[in-house]
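First up is the structure itself, then whatever we jot down about it.
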Amino acid sequence: MEKKAKNRLFGVALLAGAILTLSSCNSFCNEADTSNFMFGYDGLNTTLFENNDQGIDYIKNTFINEANFDQSLKDTFSTNEIYVSVYNETTKKYEEKKLNEASEQVFGEINGNLKYLKVNEITAREVTAVDDTGLRGNITYTFGLNSFTKELIESAKNNGSIAPSNKFFEKLDQKIIDAMIAAGPSTGIQELSNLSRSSLTFDIFYGYSYADYISYRNNGDPDGTLLDSLLHGKEGSYVGRNNGLLARAGYVKYYNEVESTDYFYNLKKWENEILSEENVNNDEGFTETYLDLYRNVLNAKVVNTKTCITVEDGFYGHTSNDPLNDTVLISGKSKDFWQGWGEAFTKHGFFEGLLVYPISIFVENLSHAFGMNGVGQILAVLVATAVIRLFFMLVTLPSTISQQKMQFLQPELTKLQQKYPNANTNNYEKQKMAQAQMALYKKYKVHPFSSMLVMIIQFPIFISVWNALTGSASLSRDAVLGLRLSDTIWNVLTDFTAWPSNAGWWTALVLILLMSASQILSMFVPQWLNKSRIKTVGKTKNSASADQTNKTMKYTQIFMTVMIIIMGFNLPSAMGVYWFAGALFSIAQSVIMHFVFINKSKKGKQI
């Protein structure tokens, strides 16, 4: 078979392998995991309080924290400057009331000890910077809706779609809260097992006390202990956010066991119930265009979510920049490793079962063993990289040795190319040089196409490692020097929030520089070693065929290196760590093989 035909065959095989591998890369997130991620992005619109005074303080602090708030008025700003637009049934007109006088219009009741903030546009007077007229303006803020819903309503307006009414959103949240209470026993948390609407408290709903929450919001967490107690609970006080009803049962907004793949099944069911009630018009619910927009926007946020492989149930992921509400509940996938491994083959795909699942579970176990603190995840990726590269080296050892022999034989090949300088244009010389090369390869037991075999084996391993690290839930939690291993370097470097004090930005920059430098070194080290061997031939002039071969190899290596660096920007940071460690491993392997062959050559042994 002609050399070009063989190259085409290898190219087709490599492309087929790439398509097969990429088409089999599936997410391990089940329906409950996806529902939890959806709720992480779009949770309740309702905010609960123990009493109206807490709600009033919340409204005041929200205005104070607004970007346009005149900070010089921060200490003197009072609730007397906050007004609510209230509809007067007698005059059939909207009238302004001070916040302290409009509690009935601003707050609703879950039970005697638990209030919620209704959907309202509330205005704070004379709190913005002075405008061109010398007058202070107003800030109007919509309370009772989360940021996702506000953005969705704005998008709907821009698309000419009608959003549901404020009354509908309030009633919908009541349905969701009742469903969460009903799901309490299934959470496995004792405090949530015998709940009712009348027995629901702030501590049980959120998992922490209002006093500790306000302390965290107002004073931060200087010693790092308050956030931990808010998340995991305080002995004898509360169960912690991660065991609160909101975090444990919020997924019911999007999950239904009967129609588990229809994430909007419950919302549509509750809509029908609300529209059948008194004082609710049929046009106050979801329109088809609004529901389609809702579905598309939320699906876009979770479609690429893969961080669902974990050894135990726990809170992972990254849905917001608020450490108190960042993670979501993910179910463990390896309570029985062998069962989980078998399901990986049957439910997800061949490569998922063969490589993705075991690699990811290996990283998960290492992360938990080293400590879930950011550094533990880094160590897990480094150890996994070493094991994977050792495994890859053993599998491809014959091909690697053959490839190294070809580089070591470069002086001999250079002599042949000089002996037949016109091999590119003269068919006789081309045939004679090919025969001489094959004789040389046969003498030293070299397989010229071994590098192709290494590439074919390497590609699915690379894709599988990529998916394993992307799917590892532990890598999506706990930052090291401000950087999560699940975040892409590009997204971090293009986010200038709090720059230049943002530690994660600098960590991402250092990582991409280290990865790029190591990749470039791993490309040049074999070339430098090869040049040192070729020098033993003496000063000779390369033939045209030698120049063409060297150029092809050089451009191929540069292309591959550039592609890895580009992918390093756009793949999870864990891949940057993997490539950095892998490049160091390759450099060490090249140097070791070089001196092994040099040593054999000096002793007169056949390489």
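Predicted model only: the values in this text are computed from it and were never measured.
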Exercise for the section: For the residue pair Tyr208 and Tyr206, categorise the inter-ring angle as parallel (less than 30°), tilted (30 to 60°) or perpendicular (more than 60°). Expected result: parallel
Exercise for the section: Kindly assign one of parallel, tilted or perpendicular to the pair Tyr294 and Phe286, based on the angle between their ring planes and the thresholds 30° and 60°. Expected result: tilted
Under 4.0 Å between a side-chain nitrogen and a carboxylate oxygen: does that hold for [X] and [Y]?
X: Lys118; Y: Glu170; result: no
X: Asp42; Y: Lys301; result: no
X: Glu277; Y: Lys175; result: yes
X: Lys234; Y: Asp212; result: yes
X: Asp178; Y: Arg197; result: yes
X: Arg295; Y: Asp292; result: yes
X: Arg125; Y: Glu96; result: yes

Problem - Distance-minimising heavy-atom pair for Leu226 and Gly220 - result: CD2-O, 4.1 Å
Problem - Side-chain heavy-atom pair Asn299, Met38 within 4.5 angstrom cut-off - result: yes
Using a distance-only test with no angle check, is there a side-chain donor-acceptor pair under 3.5 angstrom linking [X] and [Y]?
X: Asn256; Y: Asn266; answer: yes
X: Gln377; Y: Ser474; answer: no
X: Ser486; Y: Ser476; answer: no
X: Tyr255; Y: Asn36; answer: no
X: Ser331; Y: Lys333; answer: yes
X: Glu364; Y: Ser472; answer: yes
X: Asn100; Y: Thr79; answer: yes

Problem - Candidates Tyr210, Phe49, Phe107 - the one meeting ring-ring contact (aromatic ring centres under 6.0 Å, His included) with Tyr58 - result: Phe49
Exercise for the section: State whether the side chain of Asp33 and the backbone N or O of Asn30 hold a donor-acceptor pair below 3.5 Å, judged by distance alone. Expected result: yes
Exercise for the section: Taking the six-membered ring for Trp and the single ring otherwise, decide whether the centroids of Phe63 and Phe143 are under 6.0 Å apart. Expected result: yes
Fill in the blank from the handout: CG (Leu48) and CG (Leu246) are apart, to the nearest 0.5 Å, by 8.0 Å
Problem - side chain to side chain contact (heavy atoms under 4.5 Å, CB included) against Ala468, all qualifying residues, sequence neighbours excluded - result: Val356, Ile359, Ser360
Handout entry: Leu44 and Phe205: CA distance, side-chain angles, deciding distance, side-chain contact (heavy atoms from CB on, under 4.5 Å) verdict
Key = CA-CA 12 Å; Leu44 288 179; Phe205 188 78; 3.5 Å; yes
Show the atom names and distances, to 0.1 Å, of all donor-acceptor pairs under 3.5 Å that link a side chain in residues 148-155 to residues at least two apart or in another chain.
| residue | atom | partner | partner atom | Å |
| --- | --- | --- | --- | --- |
| Thr149 | OG1 | Asn45 | OD1 | 2.9 |
| Thr149 | OG1 | Asn146 | OD1 | 3.0 |
| Lys150 | NZ | Tyr141 | OH | 3.1 |
| Lys150 | NZ | Thr142 | O | 2.6 |
| Ser155 | OG | Glu151 | O | 3.1 |

